[in-house]
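As structure tokens, the structure follows; a few thoughts come after it.
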Number of protein chains: 2
Amino acid sequence: MPIELSASQALNLWHAVSLEQVRIDNRDLTLRQMSILLHIYLVPPPHTVRGLAGILGVTKPVITRALDTMGDLGLVARMRDERDRRNVIIKRTVDGALYLEKLGDLIIDQGRKLSI
Amino acid sequence: MPIELSASQALNLWHAVSLEQVRIDNRDLTLRQMSILLHIYLVPPPHTVRGLAGILGVTKPVITRALDTMGDLGLVARMRDERDRRNVIIKRTVDGALYLEKLGDLIIDQGRKLSI
DNA sequence: CGGGATCGTTACGGAAGCGTTTCTTTTTGC
DNA sequence: GCAAAAAGAAACGCTTCCGTAACGATCCCG
């Protein structure tokens with residue numbers, strides 16, 4: 001079931017959610033970090049550094065750094081792949097799931113408040 | 001007319017748009033910069049540094065820096081307020097309008113592709 | 001079993017962001 | 001007029017991010 005948004009609805013939704021996210025959350029993830037986080041939680045595993053770099057169209061160190069930062073924040077975790085120890089498997093965490101759950105609620109709330 | 005989104009629709013929408021934005025655009029605005037830009041273009045003027053700082057819950061230098069950066073990118077412009085020359089009025093630009101128009105299209109497109 | 005490919009990380013110099021503090025310009029109010 | 005207040009910018013030290021390049025660890029395969 002697709003969603004039909006008008007141009008002003010689309011931008012107003014983005015505006016309201018971004019603004020609330022800035023006001024509420026001190027963690028201030030970059031757009032890249034947010035993309036990585038959402039991808040890890042919404043797309044079936046496994047997720048690797050190389051795979052994410054390809055999907056986002058960025059270099060591997062970008063992914064490594066993003067995982068460092070979000071790992072410190074408790075939003076993701078890393079584990080060696082025991083079947084091929086060159087790989088690192090990126091895992092979800094409880095805190096990460098909670099973070100995205102709140103973001104989802106925020107989007108839903110702001111969607112309800114839309115007009116025109 | 002409010003929009004009713006399910007939790008997975010909300011997050012999938014955010015995911016798809018963020019991902020496309022990362023892949024397509026090299027300018028990589030921070031969430032704060034994006035909030036400021038959307039606010040300037042969606043809320044009736046006038047917009048001042050102090051006003052934006054209050055709305056976003058950040059300090060004034062954060063706004064000044066964001067305007068510096070987005071000014072260099074051509075997304076916003078600054079003008080002295082001639083009626084109170086302490087103030088700076090933040091103006092929209094053609095490039096900024098174009099940037100947000102593309103973002104709006106992206107959100108609309110990804111909304112159409114949603115399922116479940 | 002050894003050379004080459006692959007994977008993720010680290011190193012490096014540079015750019016940009018942060019919060020706090022200070023400064024300059026302008027207005028306000030006595 | 002002139003001190004105090006207000007607005008925005010600039011300075012400062014620090015952190016984080018960037019892309020490129022180099023690096024160890026591991027696997028693959030001849």
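Chain A is the first sequence line, chain B the second, and so forth, proteins listed ahead of strands; every chain is numbered from 1.
Between A:Gln33 and B:Val88, the one whose closest nucleotide on DNA chain D sits nearer the 5' end is B:Val88. Taking the nucleotide of DNA chain C with the nearest heavy atom to each of A:Asp28 and A:Arg65, the more 5' of the two is matched to A:Arg65. With DNA chain D read from its 5' end, the first of the two nearest nucleotides for A:Thr30 and A:Arg80 is the one closest to A:Thr30.
Rounded to whole angstrom, the span from the CD1 atom of B:Ile63 across to the C1' atom of C:dT20 amounts to 16 Å. To the nearest angstrom, C1' of C:dA5 lies 14 Å from CG of A:Asn87. If you take CZ of A:Arg83 and P of C:dG8, they are 14 Å apart, rounded to a whole angstrom. For B:Asp84 and D:dA6, the CG to C1' distance is 9 Å, given to the nearest whole Å. Atom CZ of A:Arg32 is separated from atom P of C:dG17 by 14 Å (rounded to the nearest Å). Rounded to an integer number of Å, the gap from CG of B:Leu29 to P of C:dA15 is 20 Å. Between A:Asp68 atom CG and D:dC18 atom P there is a gap of 11 Å when expressed in whole angstrom units. Rounded to whole angstrom, the span from the CG atom of B:Asp81 across to the P atom of C:dT26 amounts to 13 Å.
Between B:Arg85 and C:dT24 there is no side-chain N or O to OP1 or OP2 distance below 4.0 Å. A sub-4.0 Å separation between OP1 or OP2 of D:dG19 and a side-chain N or O of A:Thr59 is present.
From B:Ile3, atom CD1 reaches atom OG of A:Ser6 across 8.0 Å, with rounding to the nearest 0.5 Å.
In the set D:dA21, D:dG8, D:dC27, D:dA21 carries the atom at the smallest distance from any side-chain atom of A:Pro61. With distances taken from any side-chain atom of A:Arg86 to the nucleotides D:dA9, D:dA7, C:dT6, the minimum falls on C:dT6. Side chain of B:Thr64, nearest nucleotide from C:dG17, D:dG8, C:dT26: D:dG8. In the set C:dT27, C:dT20, D:dA7, the nucleotide with an atom closest to the side chain of B:Lys60 is D:dA7.
Residue contacts shown for A:Thr69 are limited to sugar-phosphate atoms, with no base heavy atom under 4.0 Å away. When heavy atoms are screened at a 4.0 angstrom cut-off, B:Val58 is found touching no nucleic acid atom at all. B:Glu82 comes within 4.0 angstrom of no nucleic acid atom, judged by non-hydrogen atoms across all strands.
Ion pair A:Asp72/A:Arg27 not flagged as a salt bridge, since none of the NZ, NE, NH1 or NH2 atoms sits closer than 4.0 Å to an Asp/Glu carboxylate oxygen. In this structure, A:Asp105 does not pair ionically with A:Lys102, as no charged nitrogen and carboxylate oxygen lie closer than 4.0 Å.
Note on ring orientation: taking the six-membered ring where Trp is involved, the planes of B:His47 and B:His39 are perpendicular (angle over 60°, cut-offs 30° and 60°).
At distances below 3.5 Å, not a single donor-acceptor pair connects side-chain atoms of B:Arg112 with backbone N or O atoms of A:Pro2.
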